[in-house]
Amino acid sequence: MEFFTDFFVGPIMEMVKAPEFLAEVAIAGLMSGVMYSLVGLGFVLIFKASGIFNFAQGVMVLFAALNFVGLMDSGVHPIIAFVATLVIMTLLAIAIEKLVLRHLVNQSQLILFMSTIGIAFFLEGFGELIWGGNVRPLHVGIPDDVIFIANGSILIQEADLFAGVTAAFLVTVLALGFRYTAVGRALRAVADDHQAALSVGIPLNHIWIIVWAVAGFVALVAGIMWGTKLGVQFSISIVALKALPVLILGGFTSIPGAIIGGLIIGMGEKIAEVYWGALFGGAIEEWFAYIVALIFLLFRPQGLFGDKIIDRV
Amino acid sequence: MAETAETLLTVENITLRFGGVKALTDVSFDIRKGEIRAIIGPNGAGKSSMLNCINGFYHPQEGRITYKGQTRKQMRPYEAASQGIARTFQNIALFRGMSVLDNVMTGRVLKMNSSLFEQAFFFGRARSEEIAHRAKAEEVIDFLEINAIRKTPVGRLPYGLQKRVELARALAAEPDLLLLDEPMAGMNVEEKEDMSRFILNVNAEFGTTIALIEHDMGVVMDLSDRVVVLNYGEKLADGTPDEVRSDQAVIDAYLGASH
Amino acid sequence: MLYREAGDFKTSYAKDQALIPIRQDRVMLYICIAIALALPFVANDYFLGSIAIPVLIMVIAAIGLNLLLGFCGQISLGSGAFMAAGAYMAYKCATAFPWIPMPVSIILAGIATALIGLAFGLPAVRIKGFYLAVATLAAQFFLLWLFTHVPWFVNYTMSGVPTPPPATVLGVYVTGADAPNWAKYLFVLAFCAGLTWIAYNLVRSRIGRTWMAIRDMDIAAELIGIRPLWTKLTAFAISSFYCGIAGALWSFCFINTVEPTAFDINRSFQILFMVIIGGLGSILGSYFGAIFITLFPILLNSAPAWFGLEIPGNIITNLEFMIFGAMIVFFLIAEPNGLARLWQLGKEKLRLWPFPH
Amino acid sequence: MPLPDLDRHDTFPKLLRHNAGARGNRPAMREKNLGIWQTFTWSEQAAEVRALACGFANLGLKRGDHISVIGENRPRLYWSIAAAQALGAIPVPVYQDSVANEMQFILEHASVKIVIAENQEQVDKVLSIKDRLPELHTIVYCDPRGLRDYTEAFLHHYDGVLAKGRDYDKVHDKFFDEQVDAGKGSDHAIMCYTSGTTGQPKGVVLTHRNCIKIGAMAIEFDKLSEKDDVLAYLPMAWVGDNLLSYGQSHIAGFCMACPESSETLLIDLRELGPTYFFAPPRIFETMLTSVMIRMEDAGRFKKWLFHTFLDHAKKVGERILDGKSVGLVDRIKYALGEICIYGPLKNMLGLSRMRIGYTAGEAIGPEIFVFFRALGINLKQAYGQTEASVFVTLQPDGEVRPDTVGKAAPGVELKVVEGGEVMYRSEGVFLEYYKNPDATASTKTPDGWVHTGDAGFIDDSGHLHIIDRAKDVGKLASGDLFAPKYLENKLKFFPNIREAVAVGDGRDFAAVMINIDADAMGNWAERRNIAYASYQELSALPAVYELMASHLAEMNAGLAKEPQMAASQIRRFLVLPKMLEADDGEMTRTQKVRRSAVATKYAPLIEGLYNGATSVYMEVEVTFEDGRRDIVKGNVPIWDVDAASGAMARAAE
């Protein structure tokens with residue numbers, strides 16, 4: 001009974017008592033949610049175009065950030081470093097297509113999934129072999145002051161705000177691009193039916209390279225945002241695992257789903273940690289997202305925005 | 001088939017929709033015990049959907065299915081299988097990682113009852129069942145003349161043989177109603193003749209009721225006792241091969257199609 | 001070296017379906033068992049304690065994951081967590097009921113882990129393939145959190161890292177600080193052998209065939225009358241059972257502490273790699289995989305020294321990551337059935353010798 | 001274990017009874033059925049035969065009646081033979097691949113009362129001629145598949161006959177034993193129809209005494225025992241199968257096994273690994289060809305290993321097999337070869353356990369023969385006839401040579417009469433040709449000598465050499481001896497020549513029509529990237545002709561060295577555009593060329609061989625396996641071959 005009160009009543013009371021604090025927690029959560037969204041976005045892109053569940057997306061974020069910060073640390077101008085990293089990510093996309101994906105055409109999704117785990121391990125070792133495994137601070141001129149709003153009762157990191165805006169911009173561009181450009185249409189065609197896409201003359205290999213390169217671009221942006229906040233380090237790739245529950249929530253094929261899922265998870269786990277964490281001995285952030293996903297899987301496996309899975313005989 | 005034959009399965013007023021698309025519209029027919037019943041029609045006529053409704057894979061929005069005297073709106077595939085409905089698939093759906101023998105043995109899964117514990121230690125019923133059902137599976141293998149390949153992984157077999165293995169797997173379940181989805185698709189003349197012979201033998205030897213979908217009109221006319229014709233999800237005709245052959249609507253539909 | 005099968009014919013189904021139908025393979029097996037039993041007399045303590053024991057324990061875990069992934073086609077990224085569950089459950093069981101013989105405690109821990117696995121496997125009812133990866137990740141993070149944050153699991157030990165209680169089998173210590181390596185080795189070997197035998201029995205029985213049917217063509221399997229839910233859940237439970245026992249042995253007979261760090265997500269990946277490199281859908285492959293993945297880093301660490309090179313440890317670690325990653329991709333592309341397939345091909349070659357095919 | 005007292009157990013039913021008592025629990029018969037080797041012990045077999053015999057009696061079978069078994073090697077058909085013999089009826093096995101008309105002749109000629117048919121296919125054939133067979137009153141079928149709707153009252157399922165027989169046996173429990181006791185060694189045991197290269201088949205009547213004496217002789221000759229295994233896969237209608245599988249298993253008490261089907265024969269052979277094996281040369285030929293073809297694809301190292309050890313085996317293998325002295329190094333090398341190549345090869349072919357193998361019926365290519373012997377397989381040649389209850393000559397261990405068919409078997413007298421024809425006399429000599437006293441009289445002399453119809457000679461060591469059919473030996477226009485079979489056999493020893501028909505009797509020179517081996521040549525063409533669409537196209541390729549010409553040149557060189565044969569070197573040849581087939585009447589069911597039929601059918605080609613044409617247009621009908629017919633037409637090229645150093649040989653004479 002006591003637990004019941006602590007679980008259901010106490011936290012609500014606290015929220016009501018200090019709404020500004022709640023807002024602050026929620027906004028902080030939203031901001032880390034944006035990061036999840038960005039990683040999730042990379043997943044969705046690749047999944048939509050190739051049906052591949054890219055486990056390496058998180059490591060790609062780390063890899064992109066490592067390259068970027070590594071180049072900058074060697075004295076390269078941020079913009080040149082950015083472009084150079086983009087080139088690297090594109091080369092990576094080509095390499096992955098040539099060395100891995102094209103040899104696995106027609107394999108089951110499970111095999112493709114496991115191959116991306118292999119890619120993830122390789123990239124992680126490779127990135128750290130080149131750039132070292134130390135935490136590297138990243139300063140690209142993103143403002144990192146603190147803003148106070150609502151009469152100074154709510155505190156917001158400027159960097160978070162910047163990240164939010166960038167993410168929103170990126171998502172809009174990608175969503176529009178997916179819908180209105182020729183490449184975007186091709187991508188959707190491929191996602192629907194590989195054979196059909198081939199028969200209308202779209203080279204599948206090119207599509208895959210483009211998609212992986214775009215995912216690399218998204219990874220770079222996400223990497224820069226996170227690097228600014230936390231420094232570039234290995235934990236980025238582990239945190240990126242959170243993108244998986246984000247996708248369960250949002251649906252694997254939905255770009256808006258990835259965004260909204262990311263925000264919900266980000267906000268949810270912060271609020272849960274702050275208001276309920278103590279009740280369970282803390283650190284429930286570690287698993288909160290996964291348990292939410294688990295519950296979703298039980299009741300709505302296609303996620304909030306995903307397509308219903310229809311089997312054909 | 002004698003007119004007095006007992007009805008095994010009746011479908012009444014089945015309508016099946018996918019989203020806005022109607023795959024089947026108000027289709028009714030029956031299958032009598034012991035007969036070979038063909039469902040024919042041009043591509044996209046809804047033949048496969050019909051079979052999918054019968055064995056519970058699709059759930060029609062309207063209509064009823066009566067099987068062995070029990071009427072229901074829909075079944076789960078598992079129930080259909082346990083009630084004695086077995087089927088083969090248009091696109092071969094064998095378990096590619098397993099041998100021919102294991103595929104056939106899998107067909108007998110519903111008839112095996114040993115506990116997990118017995119299986120883990122391979123004693124008692126697990127052991128005796130493996131042996132008893134192996135003997136049954138071997139009978140089917142012998143019946144369909146696939147002895148020489150019993151231990152070959154199915155993935156290595158040519159298409160025609162894979163079709164035969166699939167039939168073997170379905171037969172291993174000793175079904176009362178056997179649904180065959182285009183059993184002769186993609187076969188050459190000789191393979192078709194073999195398959196026709198097997199289908200007739202199954203019907204004659206085991207008294208299995210067979211409903212089959214087939215594209216090849218000639219084969220259908222030779223094999224089946226009665227034919228139902230579907231076109232664009234609707235029933236066009238129903239009767240003996242001769243009746244159907246002379247039916248004007250059928251002639252029109254088939255002249256329109258490539259066959 | 002070469003097979004002689006002419007005249008080795010079978011006159012009954014029982015003989016034809018025997019675990020090892022070829023006479024020469026049976027002889028091979030007896031030789032392997034003899035070597036395994038003779039090992040304590042010939043191998044040094046380091047080999048037994050630091051190589052043989054962990055390899056055998058990881059074999060058990062790898063078989064567990066292989067039953068789920070290789071045979072039933074359901075992926076799990078939470079094997080490590082299930083090992084942890086086994087370790088903690090065994091600890092609880094051994095301390096709460098000290099009168100229960102240790103082997104029984106470990107089996108009970110396996111059963112408890114199977115139940116936990118069932119709970120996390122439930123989502124598998126409605127999803128397939130990699131969606132399940134997420135459910136098992138949930139297990140990975142949640143269970144480890146649970147064991148570190150709920151002191152009940154460690155009997156409220158102050159350090160939070162208790163030591164497993166010593167126990168004897170036939171008067172010899174097999175767990176605890178006093179247990180000699182040879183005894184622990186034999187204890188682990190007995191589990192490994194028994195569980196291998198059971199795994200072989202399962203995959204050649206009805207249940208194994210239903211797993212493979214679900215793996216190969218789940219829709220057809222369902223229409224044959226195989227219940228996907230039930231089938232996947234049994235795979236999940238049995239897989240967890242194996243991982244649980246492996247975890248208990250790992251804590252009790254190898255690292256001699258019950259701690260969560262031994263079972264983090266990297267452990268899960270390690271087991272996954274064993275299964276992929278060893279061979280999906282092959283019990284024997286689990287042996288190859290476990291041996292390879294355990295020994296390779298040791299080799300990688302000591303090999304440069306043989307050539308007089310000095311390579312910093314972190315570079316070795318990174319190289320290890322790269323090599324494992326590349327190998328995973330390589331095996332998935334070239335030989336999805338892993339080392340076991342290469343072994344099998346070799347064996348087939350020997351059976352066909354001198355013909356090429 | 002010594003043989004039973006064959007004077008007391010003087011019929012097969014009595015031997016069966018003896019075996020059931022003496023070794024009741026040992027396997028008598030195995031059959032690969034439903035995936036495993038189903039095994040029947042002697043006592044089970046005896047019980048089954050007892051019930052079946054009673055069942056047959058119940059169906060009205062009387063002493064002296066004929067029954068016919070038609071089908072592949074199946075235990076039930078062998079039991080039917082045994083059951084008929086128990087009642088004193090005479091089994092007449094019929095080739096399972098004969099067409100209804102061929103069958104009708106035999107069933108009618110032998111006045112067969114009951115037919116035991118394996119399956120629907122055979123039942124259908126018999127039904128189609130039933131109207132013309134007034135004496136045939138019952139058909140028993142073994143496999144009911146497809147026969148459910150057959151309502152004929154005279155059609156019985158084997159199981160039903162068996163069940164009725166058991167009931168009958170209960171009521172008349174002395175009946176069976178009385179019937180068996182009533183049998184005598186001089187009773188007719190079996191009647192085998194010889195296909196004969198000309199004319200209608202003749203029914204060879206063999207008594208129990210014939211079969212048992214010869215069977216026992218061969219068992220003692222090769223020291224067979226109850227521990228041996230034999231695979232019964234050759235046609236049941238062939239006397240050899242009856243004597244070697246059925247007969248000898250009854251005498252020695254060993255186990256005979258039936259393969260699952262003709263498709264699985266090689267798998268079954270490999271699984272069973274018989275210890276006593278009998279095969280016509282073409283089986284060994286096929287084995288060798290397949291070994292060579294499969295080794296073509298092997299890697300370089302494996303090929304090297306294979307050829308190195310094979311060469312070594314050819315050098316010393318036979319000497320080791322014959323127990324002659326061989327150097328230690330060679331012995332070690334051979335032992336190594338046994339581990340690496342010979343052993344695995346024998347294992348792959350299912351010959352690992354083989355103690356004694358026989359080949360007979362045709363001449364075997366010396367290379368094939370030596371190949372198997374070099375591997376350490378005790379393959380020997382024999383010569384025999386249906387009329388002799390199989391064996392006339394046998395090669396004793398240690399005296400095995402590729403060019404002879406062995407010495408007169410124990411108890412067999414042998415002589416070569418005027419004109420080169422071989423004659424023999426033995427306890428196995430047949431009683432008579434059924435309902436054919438003329439033929440009997442012209443084949444068997446009143447004092448028991450039998451004309452073999454084969455020409456040959458006995459060499460100084462007592463070994464018999466067979467050259468050809470006596471009537472086929474002719475003369476060239478020059479007066480030189482022309483033995484077509486001798487030439488053909490030499491050609492057939494080339495692995496890519498399947499069949500050859502030599503012509504030349506009364507002509508200026510010898511010429512030959514060749515049938516290439518589709519498998520071997522197809523493979524050969526594939527490796528050389530030579531495209532072809534059909535057998536016909538393949539056979540007319542210049543590359544193929546060139547290859548054949550080189551074979552002929554090689555053979556001519558060999559012939560030149562043989563004084564009697566130098567004149568019959570081949571001067572011209574052609575490759576036939578179709579395979580010679582039994583279905584087209586070009587071959588017998590035992591795969592022997594029907595010389596006269598071929599000569600008539602391909603007369604234009606033969607004409608072309610002698611009128612100097614370089615190609616001849618030909619149309620010929622082909623029957624496919626499923627009975628469809630088609631016409632093969634096109635130009636058949638004819639090439640010349642040089643007569644190698646023949647002149648020199650003649651000059652040297």
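Sequence lines set the chain letters: A, B, ... in the order given, protein chains first and strands last, and positions in each chain run from 1.
- Summarising the geometry of M114(A) relative to L69(C), their closest heavy-atom pair is SD-CD2, 3.8 Å, with the distance given to 0.1 Å.
- No more than 12 heavy atoms of other residues, nucleotides or ligands lie within 6.0 Å of CZ in F330(C), so this atom counts as exposed by the packing criterion.
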Verdict with reasoning, L144(C) to E286(A), per side chain to side chain contact (heavy atoms under 4.5 Å, CB included): CA-CA 10 Å; L144(C) 283 199; E286(A) 279 175 20; over 6 Å; no
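- For the atom pair L146(C) CG and W287(A) CH2, the distance stands at 9.0 Å (nearest 0.5 Å).
- Relative orientation of the F273(C) and F121(A) rings is perpendicular, given thresholds of 30° and 60° on the angle between their planes.
- If you measure heavy-atom distances from L104(A) to chain C, the contacts under 4.5 Å come from the side chain alone.
- The structure places CG of N318(C) at 11.0 Å from CZ of F126(A), a figure rounded to the nearest 0.5 Å.
- Of all heavy-atom pairs spanning F122(A) and M322(C), the tightest one is CD1-O, 3.2 Å.
- Minimum interatomic distance between V134(C) and A293(A) (heavy atoms only, all atoms of both residues): CG1-CB, 4.0 Å.
- Within the 4.5 angstrom heavy-atom criterion, no atom of F331(C) approaches chain A.
- Both the backbone and the side chain of I119(A) come within less than 4.5 Å of a heavy atom in chain C.
- Using cut-offs of 30° and 60° for the angle between ring planes, the Y290(A) and F141(C) rings count as parallel.
- Interatomic distance, CG of L110(A) versus CD1 of I75(C), reported as 5.0 Å (0.5 Å rounding).
- When all heavy atoms of V329(C) and S115(A) are compared, the pair lying nearest together is CG2-O, 3.6 Å.
- Annotation for I111(A) and L332(C): closest pair O-CD1, 3.6 Å, computed over non-hydrogen atoms.
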Go through it in stages, so that I can follow the logic: the residues are F55(A) and L77(C), the test is side chain to side chain contact (heavy atoms under 4.5 Å, CB included), and I'd like the CA-CA distance, side-chain angles, deciding distance and then a yes or no. CA-CA 12 Å; F55(A) 193 82; L77(C) 298 179; 3.8 Å; yes
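- Of the two parts of I284(A), the backbone and the side chain both hold a non-hydrogen atom closer than 4.5 Å to a non-hydrogen atom of chain C.
- With a threshold of 4.5 angstrom between heavy atoms, F288(A) does not approach chain C through any atom at all.
- In this structure, the portions of I333(C) lying under 4.5 Å from any heavy atom of chain A include both its backbone and its side chain.
- Contact of L272(C) with chain A is made through the side chain alone, with heavy-atom distances under 4.5 Å.
- Distance check, rounded to the nearest 0.5 Å: CG of L137(C) to CG of L244(A) gives 6.0 Å.
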